[in-house]
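Only one structure is covered here, and it is reproduced in the block below.
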Amino acid sequence: MIWNTDYETLPRDELRALQGQRLGSLVDALYRRVPFYRAKMDAMGVKPHDIQGIGDLEKLPLTTKDEMRDVYPYGLLAVDLKEIVEIHTSSGTTGKPVVDAYTAGDIEVWSEVMARTLATGGTGRHDIVQNAFGYGLFTGGLGVHYGARKIGATVIPISGGNTKRQLAILQDFKSTVLTCTPSYSLYLAEAAREEGLDMRSLGVKAGFFGAEPWSETMRKEIEEKLHLLAIDIYGLTEIIGPGVASECEHQNGLHIFEDHFYPEVIDTKTGKVLPDGEKGELVITTLTKEGSPLLRYRTRDITYLDRSPCPCGRTSVRMHRVLGRTDDMLIIRGVNVFPSQIEEVILKVEGVEPHYQLVVERRDNLDELEVQVEMNEKLFSDEIKILERTEKAIEAELYATLNIHTRVKLVEPKAIARSEGKAKRVIDKRTL
Ligand code: DLL
């Protein structure tokens with residue numbers, strides 16, 4: 001279902017004209033009101049009148065997460081603080097958090113793009129949305145909440161965690177839509193099984209999952225264990241939260257809501273814009289944001305763009321599911337490795353669960369990657385010989401895919417900590 005056919009199916013030439021117009025107003029506002037951007041534009045010798053259309057975007061400066069941190073907390077506001085009605089921040093685990101400050105208009109846009117997101121999987125007024133994304137400074141909870149409210153669905157704001165209660169509510173309130181991180185959905189399925197509850201017998205028809213990378217194999221597993229349509233949804237605090245892009249029912253890439261968020265993919269090293277289909281770092285310009293708009297923000301997420309038509313009828317460009325992050329990429333003995341590549345390999349193996357962790361250490365100046373994977377109960381009760389054979393088989397498969405030697409260690413069921421939000425997959429013990 002398409003929530004806003006006027007904008008979501010706008011012919012591409014009209015969309016481009018609209019984007020150009022919006023970019024013009026944005027640049028005017030930033031130059032007048034945000035000293036940070038005025039200084040950056042002056043340094044490059046660009047003035048607002050140099051921006052005549054979306055084709056001029058490349059003349060404008062890129063923005064990085066570190067720059068955002070330097071002007072923490074209010075340095076990027078383009079309006080008076082009294083116009084700001086809500087603030088969210090990133091978790092700040094790697095430094096000062098980044099801030100997103102919303103005007104009433106921004107909350108309206110957020111509700112709109114989240115309504116579009118939830119509608120992709122068929123959510124309507126009659127649905128009961130069990131929202132297990134965390135509420136708070138994290139954008140997942142309230143983002144889904146606003147979208148579901150806009151659609152007129154019933155929201156259950158249960159937030160993350162409290163797994164037993166999640167299961168009780170799923171059954172008692174007959175939730176039809178589930179929203180959480182993909183890893184937490186599998187944890188729910190596992191907990192349900194232990195309680196003798198078959199998630200497939202519940203009436204949940206669609207799940208919207210995001211906030212962390214997941215693979216196609218993991219999607220299959222989720223769809224099979226929870227018996228629902230699993231939709232990948234993408235976004236980040238700096239831009240708005242969830243609501244930047246979402247898959248449709250065809251699950252062939254995420255439609256970017258590009259009347260609000262203009263995407264480019266750049267070469268991480270040179271900063272040059274890459275052609276469609278080439279992998280690089282996703283960069284986003286917020287075309288309509290009022291509170292804390294961003295020009296060409298480097299997301300650190302790796303993907304590529306696809307402008308081929310989608311059978312759903314939406315005309316927007318699609319991004320491939322996130323392949324990894326520039327800062328999550330492990331360099332093991334000089335080889336670039338993304339956790340998602342490892343996930344693809346291990347989840348195809350019989351007898352293991354979708355719970356894994358990567359531990360990197362440096363011994364005698366050599367990087368060693370240990371891949372810890374949980375076995376299921378059946379494999380756990382098998383003979384040692386069979387376990388060793390499975391470990392060797394996964395190592396061989398990882399070597400064939402990544403071209404590096406890894407050590408695979410099967411661990412007992414439940415050995416790997418579960419997360420109620422984003423899963424932590426990598427433990428890097430190297431001190432460089
Ligand atoms: O995770 C916003 C969000 C909430 C998205 C709920 C989807 C659903 P942050 O905490 O700022 O915001 O983290 C943003 O998470 O740059 C990606 O690296 C990663 N990420 C988000 N969605 C996906 C996804 C929220 N669908 C960072 N696939 C982003 C892969 C994702 N990675």
Side-chain angles (χ1 to χ4, degrees), residues 63-65 68-69 87-100 102 110 113-114 116-118 120-121 129 131-148 159-160 177-185 207-216 218-219 222 230-248 251 253-257 261 263 265 281-284 286 292 294 297-304 318-329 338-341 343-344 419-426:
T63 310
T64 64
K65 191 169 188 145
M68 283 189 84
R69 285 177 171 150
I87 287 176
H88 287 269
T89 76
S90 67
S91 59
T93 42
T94 55
K96 275 234 185 311
V98 288
V99 180
D100 192 0
Y102 305 69
W110 199 13
V113 288
M114 281 310 295
R116 292 185 193 176
T117 297
L118 294 170
T120 60
V129 179
N131 185 12
F133 276 119
Y135 280 66
L137 286 173
F138 177 60
T139 52
L142 279 164
V144 168
H145 192 98
Y146 292 141
S159 194
V177 171
L178 174 67
T179 56
C180 59
T181 56
S183 54
Y184 189 62
S185 78
F208 296 84
F209 306 115
E212 65 183 10
W214 50 314
S215 61
E216 199 49 45
M218 187 148 161
R219 186 214 308 271
I222 293 174
I231 299 278
D232 190 3
I233 68 174
Y234 171 81
L236 57 163
T237 315
E238 298 90 308
I239 299 301
I240 198 156
V244 173
S246 170
E247 282 182 333
C248 64
Q251 300 173 315
L254 290 80
H255 290 273
I256 300 180
F257 302 122
F261 311 111
V265 167
E281 181 177 351
L282 179 68
V283 165
I284 299 175
T286 63
S292 43
L294 292 176
Y297 181 67
R298 296 184 67 155
T299 64
R300 305 190 185 185
D301 290 320
I302 295 174
T303 184
Y304 58 86
R318 303 196 297 287
M319 60 183 263
H320 187 268
R321 63 164 62 242
V322 173
L323 293 157
R325 282 181 64 79
T326 55
D327 46 5
D328 239 19
M329 186 176 76
F338 287 107
S340 59
Q341 292 173 292
E343 179 177 309
E344 278 285 350
S419 162
E420 289 162 357
K422 299 179 192 245
K424 182 161 171 48
R425 306 284 194 203
V426 181

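Source: prediction; values computed, not measured. Counting starts at 1 for both ligands and their atoms, following the listed order.
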Sub-3.5 Å donor-acceptor pair from the side chain of [X] to the main-chain atoms of [Y], do we have one?
X: T139; Y: T237; result: no
X: K422; Y: A211; result: yes
X: H88; Y: G136; result: yes
X: S340; Y: G324; result: no

Whether the E343 and S215 side chains hold a donor-acceptor pair (N or O, under 3.5 Å, no angle test) is what I'd like checked. yes
One residue to check: R325. Relative to ligand 1, which of side chain, backbone, both or neither has a non-hydrogen atom less than 4.0 Å away? side chain
Determine whether the side chain, the backbone, both or neither of F138 has a heavy atom under 4.0 Å from any heavy atom of ligand 1. side chain
Protein heavy atom at shortest distance from [atom]:
atom: atom 11 (O) of ligand 1; answer: T237 OG1, 2.5 Å
atom: atom 23 (C) of ligand 1; answer: A211 N, 3.4 Å
atom: atom 18 (O) of ligand 1; answer: D301 OD1, 2.6 Å
atom: atom 31 (C) of ligand 1; answer: E212 N, 3.6 Å
atom: atom 25 (C) of ligand 1; answer: G235 O, 3.6 Å
atom: atom 13 (O) of ligand 1; answer: K422 NZ, 2.9 Å

Should E247 and R219 count as an ion pair when the cut-off is N to O under 4.0 Å? yes
For residues W110 and D100, determine if any side-chain heavy atom of one lies less than 4.5 Å from a side-chain heavy atom of the other. no
G140 heavy atoms within 4.0 Å reach ligand 1 at atoms 4 (C), 6 (C)
